[in-house]
There are 2 protein chains.
Amino acid sequence: MDVTAFKERLKEKGCKLTLQRRSVLDILIKHSGEHLSTEELYEKVKENYPEIGLATVYRTVQLFEEMHIIDRLNFDDGCSRFELASEEEIHHHHHLICEKCNKVFEVENDLLEEIESEIERKYHFKIQDHHLMFYGQCEECLNKKRGK
Amino acid sequence: MDVTAFKERLKEKGCKLTLQRRSVLDILIKHSGEHLSTEELYEKVKENYPEIGLATVYRTVQLFEEMHIIDRLNFDDGCSRFELASEEEIHHHHHLICEKCNKVFEVENDLLEEIESEIERKYHFKIQDHHLMFYGQCEECLNKKRGK
DNA sequence: TTGCTTGCAAAAGTTTTGCATAACC
DNA sequence: GGTTATGCAAAACTTTTGCAAGCAA
């Protein structure tokens with residue numbers, strides 16, 4: 001997303017373009033695929049912008065979430081984590097979480113359309129989004145266990 | 001689960017059967033399908049066992065989670081919620097979360113085997129569990145919106 | 001100028017922990 | 001009797017909020 005488009009989307013919401021908001025977005029883009037927490041975002045933004053406050057980062061991720069710029073993820077590690085929302089309408093990757101080393105992998109795979117339409121029909125529920133996480137063991141940890 | 005089996009499973013872990021643990025299990029069984037939070041569990045246990053402490057309930061749900069007696073759920077409302085784990089090895093329901101009224105519905109539907117085996121093959125990741133949540137609008141809220 | 005935004009500090013909310021006492025086996 | 005478990009209070013964390021000052025448009 002470029003600065004002009006970003007400013008435009010903020011304006012639509014009656015919000016202003018501030019250096020803090022730009023800095024948070026920059027870090028999110030720079031670290032896409034890393035699922036940073038608010039605290040981690042704050043630490044990274046501070047490297048270039050030491051005056052920023054943690055509360056501002058919390059307020060910014062809330063705003064970005066409402067604007068659908070980012071998605072909030074929960075890996076049960078005590079804090080929210082974020083990733084850039086995909087630009088396309090139908091996005092969706094899933095997450096593999098290794099219960100040994102806690103690493104998170106992304107999976108490009110949807111295939112949920114079938115399940116979604118069945119659920120929509122059966123339960124009269126209009127689905128707008130989904131989160132799918134798989135828990136288990138990653139290749140590396142499987143090999144370690146087997147002593148390879 | 002009966003008391004004898006419960007005691008046996010506790011003993012396997014070197015843990016003792018206490019009135020507190022029995023009380024928490026009783027409430028979980030009595031309110032299965034309700035996704036109680038730790039605080040809510042505490043309130044309900046207190047009705048019959050007023051001396052119990054909140055920390056004990058926190059410690060108990062941690063223990064039960066390790067024992068796979070319950071599953072921890074996260075609906076992004078600021079706390080963990082719990083449900084009894086299914087007795088069968090493979091049995092999975094999913095959750096529909098209405099973003100208007102925040103009600104949670106359960107869906108009896110697996111159909112993920114196909115996706116799981118594809119992921120296991122492609123990513124060399126051994127899947128042990130999954131969580132699938134759908135976000136959207138429930139029938140009631142859809143009807144309200146349309147003024148029915 | 002006007003209203004949105006920020007930084008700070010304090011508050012709020014959930015969860016964990018230390019420790020003396022109590023309960024289980 | 002020895003060890004695990006509990007209750008209480010305090011601590012640790014994450015997140016939110018109030019408010020005066022600052023900044024964008």
Side-chain angles (χ1 to χ4, degrees), chain A residues 3-4 6-25 27 35-67 69-70 72-82, chain B residues 3-27 35-67 69-70 72-82:
Chain A
V3 180
T4 319
F6 182 43
K7 187 169 181 178
E8 189 52 42
R9 289 188 56 184
L10 284 165
K11 203 155 85 180
E12 283 166 22
K13 261 189 88 62
C15 294
K16 292 173 178 170
L17 177 60
T18 65
L19 192 45
Q20 288 90 335
R21 285 171 182 163
R22 274 176 63 172
S23 305
V24 172
L25 182 62
I27 294 297
H35 313 121
L36 298 180
S37 67
T38 316
E39 186 77 37
E40 287 165 355
L41 264 172
Y42 169 62
E43 291 300 332
K44 297 216 182 294
V45 173
K46 260 209 309 200
E47 290 170 14
N48 283 312
Y49 195 142
E51 320 88 276
I52 199 166
L54 179 57
T56 301
V57 181
Y58 271 99
R59 283 184 282 232
T60 302
V61 292
Q62 258 177 356
L63 175 65
F64 285 5
E65 194 186 4
E66 283 172 36
M67 295 170 70
I69 288 177
I70 57 178
R72 182 183 299 263
L73 303 174
N74 201 309
F75 297 127
D76 280 319
D77 63 345
C79 60
S80 290
R81 294 180 171 276
F82 300 90
Chain B
V3 180
T4 319
F6 182 43
K7 188 170 180 177
E8 189 52 42
R9 289 188 57 183
L10 284 165
K11 203 155 84 181
E12 284 166 21
K13 260 188 90 63
C15 294
K16 291 173 179 171
L17 177 60
T18 65
L19 192 45
Q20 288 90 334
R21 286 171 182 164
R22 274 176 63 171
S23 305
V24 172
L25 182 62
D26 284 346
I27 294 297
H35 311 121
L36 298 180
S37 66
T38 317
E39 185 77 37
E40 286 165 356
L41 263 171
Y42 169 63
E43 291 301 331
K44 297 216 182 295
V45 173
K46 260 209 308 200
E47 289 170 14
N48 284 313
Y49 196 142
E51 320 88 276
I52 199 167
L54 178 57
T56 301
V57 182
Y58 272 99
R59 283 184 283 232
T60 302
V61 292
Q62 257 176 358
L63 176 65
F64 285 5
E65 194 187 4
E66 282 171 37
M67 295 171 69
I69 289 177
I70 57 178
R72 180 184 299 264
L73 304 174
N74 200 310
F75 297 127
D76 279 320
D77 63 345
C79 59
S80 289
R81 295 180 170 277
F82 300 90

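Quick caveat, the model's predicted, so the values are computed rather than measured. A, B, ... follow the sequence lines: proteins, then strands. Residue 1 opens every chain.
For A/Arg59 and D/dT16, the CZ to P distance is 11 Å, given to the nearest whole Å. The CG atom of B/Leu36 sits 16 Å away from the C1' atom of C/dT14 (whole-angstrom rounding). Straight-line distance from the OH atom of B/Tyr42 to the P atom of D/dG7: 9 Å, rounded to whole Å. If you take CG of A/Leu25 and P of C/dT5, they are 16 Å apart, rounded to a whole angstrom. Per the geometry, CZ belonging to A/Phe75 stands 17 Å off P belonging to D/dT14, to the nearest Å. In this entry the distance linking CD of B/Glu8 with P of C/dC24 reads 18 Å, nearest Å. In this structure, the CZ atom of B/Phe82 is 11 Å from the C1' atom of C/dT14, given to the nearest Å. Look at CD on A/Gln62: it is 7 Å from P on D/dT17, rounded to the nearest Å.
Among B/Leu17, B/Ile69, B/Val3, the one residue that satisfies the side-chain contact (heavy atoms from CB on, under 4.5 Å) test with B/Leu25 is B/Ile69.
Remark: B/Arg81 pairs with B/Glu40, B/Asp77 by the side-chain hydrogen bond (donor to acceptor under 3.5 Å, both in side chains) rule, at least two apart or across chains. With sequence neighbours left out, B/Asn74 forms a side-chain hydrogen bond (donor to acceptor under 3.5 Å, both in side chains) with A/Asn74, A/Asp76.
Among residue pairs with one or both ends in residues 7-26 of chain B, none qualify as ring pair (Phe, Tyr, Trp, His ring centres under 6.0 Å); sequence neighbours excluded.
Distance SG/A/Cys79 to CG/A/Leu73: 10.5 Å, rounded to 0.5 Å. One distance of note links CD of A/Glu47 with OG of A/Ser23; it measures 12.0 Å at 0.5 Å rounding. From A/Ile27, atom CD1 reaches atom CG of A/Leu36 across 8.5 Å, with rounding to the nearest 0.5 Å.
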Under 3.5 Å, sequence neighbours excluded: what are the donor-acceptor pairs made by side chains of residues 5-14 of chain B?
residue, atom, partner, partner atom, Å
B/Arg9, NH2, B/Met67, O, 2.4
B/Lys13, NZ, B/Glu66, OE1, 2.9

Using residues 48-65 of chain A as the side-chain source, report each donor-acceptor pair under 3.5 Å to any protein atom, sequence neighbours left out, with the distance given to one decimal.
residue, atom, partner, partner atom, Å
A/Tyr49, OH, A/Gln20, NE2, 3.3
A/Thr60, OG1, A/Thr56, O, 2.7
A/Glu65, OE1, A/Arg72, NE, 3.0
A/Glu65, OE1, A/Arg72, NH2, 2.9
A/Glu65, OE2, A/Arg72, NE, 3.3

Listed pairs, N/O of protein and of nucleotides 20-25 of chain D, under 3.5 Å:
residue, atom, partner, partner atom, Å
D/dA24, N3, A/Lys16, NZ, 3.2

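Side-chain nitrogen and oxygen atoms of B/Tyr58 include none within less than 4.0 Å of the OP1 or OP2 phosphate oxygen of C/dT16.
The C1' atoms of five pairs define one axis at each end of the helix from C/dT1-D/dA25 to C/dC25-D/dG1, and these two axes lie 40° apart (to 10°).
A heavy atom closer than 4.0 Å to some atom of DNA chain D occurs in B/Glu51, B/Ile52, B/Gly53, B/Ala55, these being the qualifying members of residues 45-55 of chain B.
Counting non-hydrogen atoms under 4.0 angstrom, B/Arg21 reaches the backbone sugars and phosphates but no base.
Between B/Gln20 and B/Ser80, it is B/Ser80 whose nearest contact on DNA chain C lies nearer the 5' terminus.
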